[in-house]
Novice: 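Mind looking over this structure? Questions follow.
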There are 2 protein chains.
Amino acid sequence: MAKKRVTLAQVAHAAGVSQTAASYALAGRAAEMRISPEVEARVRRAARDAGYRPNAVSRSLRTGSSQTVGFISDTVATTAFAGHLIWGALDQARERDHLLLIAETEGDPQLERELMTAMLDRGVDGLIIASMYTRAIAVPPVLMEAPAVLLNAFPVGDEMICSVVPDEREAGCVVARTLLASGHADGICLIGASPRGEGPQGSLASVQRLEGILSVLHAARIDVAGAVGCADWQPAQGLEATRRLLAEVTPSALICFNDRLAFGAYQALADAGLEVPDDVSVISFDDDPLASWIRPSLTTVALPHYELGAAAVQVLMDQLEGRPQESAERLVRRITMPLRVRESVRGLAHDSAGDAAARGAGKLVGAAPARAHTTVQ
Amino acid sequence: MAKKRVTLAQVAHAAGVSQTAASYALAGRAAEMRISPEVEARVRRAARDAGYRPNAVSRSLRTGSSQTVGFISDTVATTAFAGHLIWGALDQARERDHLLLIAETEGDPQLERELMTAMLDRGVDGLIIASMYTRAIAVPPVLMEAPAVLLNAFPVGDEMICSVVPDEREAGCVVARTLLASGHADGICLIGASPRGEGPQGSLASVQRLEGILSVLHAARIDVAGAVGCADWQPAQGLEATRRLLAEVTPSALICFNDRLAFGAYQALADAGLEVPDDVSVISFDDDPLASWIRPSLTTVALPHYELGAAAVQVLMDQLEGRPQESAERLVRRITMPLRVRESVRGLAHDSAGDAAARGAGKLVGAAPARAHTTVQ
DNA sequence: GTGCCCTGCTGAATCGGATCAGCAAGGGAA
DNA sequence: TTCCCTTGCTGATCCGATTCAGCAGGGCAC
């Protein structure tokens, strides 16, 4: 039924030359290897006529490169809106003629090691180890067999391994600056983490966002008017935390540590009869699809998943191509988190062209085109 | 730095036997090939001591099987909540010691063909072609080189190729039956598609859900009290469609064709001063994470993404292991869409243990454990 | 004429494991 | 003693590319 695949030997035979000559001709090394133009043309024609496609497995065995990159995540691959990480990686890999082997550890270190070895055994050129939320990762020794890049994670020790992470601290700064620019000063409150260190355990994002926020406020000689930390950042916690906050102070602006918290905060504010943004501005982090669905739409600093994934592949490929990390400085690549201006902050000019346009424009400067929002189910 | 990998030849040498003997010993074919237990033990020990790991590339070249499956989707891999498709496929593949090569076509048929050949060239054992929404797919001839399964799609012609799809029609029946069981009869309205055929173009889900709904209502001698079709199924369209509906009739129950439409419908109902579920019941399809976040939480028939992905791999593996599709009947595998009972339908006992429990229970019968909802960002 | 270089190719090894065919040694039957 | 069968292993080939080393034959210089 399925006719056997054509091999290089058959092409060579058809062209009446040796396999070696055929190989050089097709590899574009004809001049270098002194294959005459006539022979080269004959080989190319024979290959085309026979529908020859080189066997990548065989090539891998000989060359040691499989044109394949491994992507191992803890939970990110299947997480609601962070699949864009993979999307970016996929696109960037394809651009360089690589495919992606993908797997998930579900947080199991044993499984993580097994998957790494399974991929290395299959000859991947490099590995990307991705984490759902920014954290420190213990790098197993087996990872040293091939180039590797940590995505959304740092090495626990001081291993010489590259990291690609969102610039959470800068995002915190942007959020604070945005509120200041829109005229807020007193009455700025935090939902999700507090200066007393309350927040989700082990979440670097929490710490760094807070750092950024406080540094800007501090420079402007402003104190937060209130803050409620949450162990988990879901809508229910946002609702509860905002209720508790409202019992004590009347905020003028809420910085929610992610969009799901903000979603809960919206409900608490509505319950209290407060209007967004007229009574209270709300700004948050992540740019969950949710953020553009709720009303008023949520101004938020986006986690640039697409760019993160793409950058990880880029950094990895650069390593593969022999550009080693120049210095310790270059070991960490921080990706800017872009502000999405919408309706939830008082006095900010909302991009009137709407979200689609905002994202479309984003694409021009390297961001992800909007897709998840335009598909039909 | 990275010490060279240990090869079978080295293991054989260390054990003082031929490479052939070592190969048979490690392959578990010692008895069959009359390798003595002592030699077998010696080889195994040598392999363990040396940290031997077989080179999968080499094995692939010889055996023709790479223990790898290709997963090509149009947009599903990176779509918000349908990454669970991949999750199911990943889990099922790992269970059978396979890894997944993943790629996206972004709907480009040219790219689709390129990716298929790229994967086939890399020796994948089989391919899964997944679609974001259930539709017909033109199967390119190159796909015939290896076993393949369509996920969420049908072949355009009558190719002998397996399909795995959600049972949309039955889901429509379940939705209708659920409303009837909770006492609704007159005043049932549709948002998203209408009996006049209005709905998103090319969406089989739309047609089949409608079919199921109408068949049950028809059997109960009930007509829909109103229906508004939408070309796109986003919150904005749900809002708009529901407004138009409310201008004409006062519904007792709304069947929304997906959760995002329902989200928009909630807003329209709230604007009209109608309470869910006391004034109007709402039921819908998909079980978007959104459905459990909004208040009142949404009763919906879930798209079983995890199960779909897992089933696709299962069907593919069965084919690989030589269980060919027995009959045309077996070419299509329909996966049940489970009802998630929540608060939005009047008079239905809501599972008081909440969503986590509902999903946890689901896992016991093979559904996906809840994860996206419990991660921290 | 002979040594040397240049052109234009080919032979054979290699990557690492799977597997078929075969071979030596030993035992039992005729 | 001869023949055959079983046991327990090994040699050699194969998978399909890449690539190094080498080899004819022609031209040119001295």
Side-chain angles (χ1 to χ4, degrees), chain A residues 4-44 46-47 50-68 117 120-125 145, chain B residues 4-44 46-47 50-67 117-118 120-125 145:
Chain A
K4 210 88 168 80
R5 283 185 66 117
V6 179
T7 70
L8 181 60
Q10 290 166 28
V11 171
H13 182 80
V17 297
S18 73
Q19 192 177 333
T20 308
S23 176
Y24 285 138
L26 294 178
R29 297 178 61 186
E32 176 193 354
M33 285 295 138
R34 296 178 312 228
I35 306 293
S36 66
E38 303 93 273
V39 166
E40 183 184 357
R42 231 169 46 231
V43 170
R44 287 193 186 283
Y52 169 69
R53 279 161 32 208
N55 179 324
V57 177
S58 163
R59 179 178 285 169
S60 289
L61 180 59
R62 183 65 227 260
T63 63
S65 157
S66 59
Q67 300 288 97
T68 294
T117 58
L120 290 169
D121 291 349
R122 281 172 177 77
V124 293
D125 295 341
E145 285 183 27
Chain B
K4 211 85 167 82
R5 283 186 66 120
V6 179
T7 70
L8 181 59
Q10 290 166 30
V11 170
H13 182 79
V17 297
S18 73
Q19 191 179 336
T20 308
S23 176
Y24 285 137
L26 293 178
R29 298 179 59 185
E32 176 193 352
M33 286 295 136
R34 296 177 312 226
I35 306 292
S36 66
E38 303 95 88
V39 165
E40 182 183 357
R42 230 165 50 229
V43 170
R44 287 193 185 283
Y52 170 70
R53 280 160 34 208
N55 179 325
V57 177
S58 162
R59 181 178 285 168
S60 290
L61 180 57
R62 184 64 226 262
T63 63
S65 155
S66 60
Q67 302 287 101
T117 58
L120 291 169
D121 291 349
R122 280 173 179 77
V124 293
D125 295 342
E145 285 183 28

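So that the names make sense, note that chain A is the first sequence line, chain B the second, and so on, each numbered from 1. Everything numeric here is computed off the predicted structure, so don't read it as measured data.
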Novice: Would you indicate, yes or no, if C:dA18 has its OP1 or OP2 atom less than 4.0 angstrom from a side-chain nitrogen or oxygen of B:T63?
Specialist: no
Novice: Is B:E38 salt-bridged to B:R42, going by a charged N under 4.0 Å from an acidic O?
Specialist: no
Novice: Rounded to the Å, how far apart are A:E38 CD and C:dT7 P?
Specialist: 15 Å
Novice: Could you tell me whether B:R62 contacts a base, only the sugar-phosphate backbone, or nothing, with contacts defined as non-hydrogen atoms closer than 4.0 Å?
Specialist: base
Novice: With a non-hydrogen cut-off below 4.0 angstrom, is A:V17 in contact with a base, only sugar-phosphate, or nothing?
Specialist: sugar-phosphate
Novice: Given atom OH of B:Y24 and atom C1' of D:dG11, what is their separation to the nearest angstrom?
Specialist: 12 Å
Novice: Nearest whole Å is fine: how far is C:dA18 C1' from B:E32 CD?
Specialist: 12 Å
Novice: Between the base of C:dT19 and the side chain of B:T20, is there a donor and acceptor pair under 3.5 angstrom?
Specialist: yes
Novice: Ignoring hydrogens and angles, are the base of D:dG16 and the side chain of A:Q19 linked by a donor-acceptor pair under 3.5 Å?
Specialist: no
Novice: How many Å lie between CD on B:Q10 and P on C:dC15, as a whole number?
Specialist: 11 Å
Novice: What's the spacing between B:L61 CG and A:S58 OG if we round to 0.5 Å?
Specialist: 5.5 Å
Novice: How do B:I35 and B:L61 order along DNA chain D: which one's closest nucleotide is nearer the 5' end?
Specialist: B:I35
Novice: Hey, does A:V39 reach any base, or is it just sugar-phosphate, or nothing, if we go heavy atoms under 4.0 Å?
Specialist: sugar-phosphate
Novice: When you measure from the side-chain N and O atoms of B:R29 to the phosphate of C:dT19, is any distance below 4.0 Å, counting only OP1 and OP2?
Specialist: yes
Novice: Any idea which heavy atoms bring B:D125 and B:G64 closest together, and the distance?
Specialist: OD1-O, 4.1 Å
Novice: How is B:R34 classified with respect to the nucleic acid when contacts are heavy atoms under 4.0 Å: base, sugar-phosphate, or nothing?
Specialist: base
Novice: Just to confirm, is there a sub-4.0 Å distance from OP1 or OP2 of C:dC9 to any side-chain nitrogen or oxygen of A:S36?
Specialist: yes
Novice: Quick one: bend of the helix from C:dG1-D:dC30 to C:dA30-D:dT1 from 5 pairs per end, to 10°?
Specialist: 80°
Novice: Pick the closest DNA chain C nucleotide for A:M33 and for B:M33 by heavy atoms, then say which residue is nearer the 5' end.
Specialist: A:M33
Novice: With sugar-phosphate meaning primed atoms plus P, OP1 and OP2, does B:L8 contact a base, only sugar-phosphate, or nothing at under 4.0 Å between heavy atoms?
Specialist: sugar-phosphate
Novice: In whole angstrom, what separates B:N55's CG from C:dT14's C1'?
Specialist: 13 Å
Novice: Could you check whether B:R122 and A:T68, counting side-chain N and O atoms only, form a donor-acceptor pair closer than 3.5 Å?
Specialist: yes
Novice: Has A:S18 got a side-chain N or O lying under 4.0 Å from the OP1 or OP2 atom of C:dC9?
Specialist: no
Novice: Write down the distance between CZ (B:R59) and C1' (D:dG16), rounded to a whole number of angstrom.
Specialist: 18 Å
Novice: Just to be sure I understand the rule, does A:T7 reach a base, reach only the sugar-phosphate, or reach nothing, if contact means heavy atoms closer than 4.0 Å?
Specialist: sugar-phosphate
Novice: If I compare all heavy atoms of A:L8 with all of A:Y52, which pair ends up nearest, and what's the gap?
Specialist: N-CE1, 3.4 Å
Novice: Look at B:Y52 and C:dG17 and indicate whether a side-chain polar atom (N or O) is within less than 4.0 Å of OP1 or OP2.
Specialist: yes
Novice: Looking at every heavy atom in both A:S66 and A:G123, which two are closest together, and how far apart are they?
Specialist: OG-O, 2.5 Å
Novice: Can you find a heavy atom in the side chain of B:R5 that is under 4.5 Å from one in the side chain of A:D121?
Specialist: yes
Novice: Does a side-chain heavy-atom distance below 4.5 Å link A:M33 with A:T20?
Specialist: no
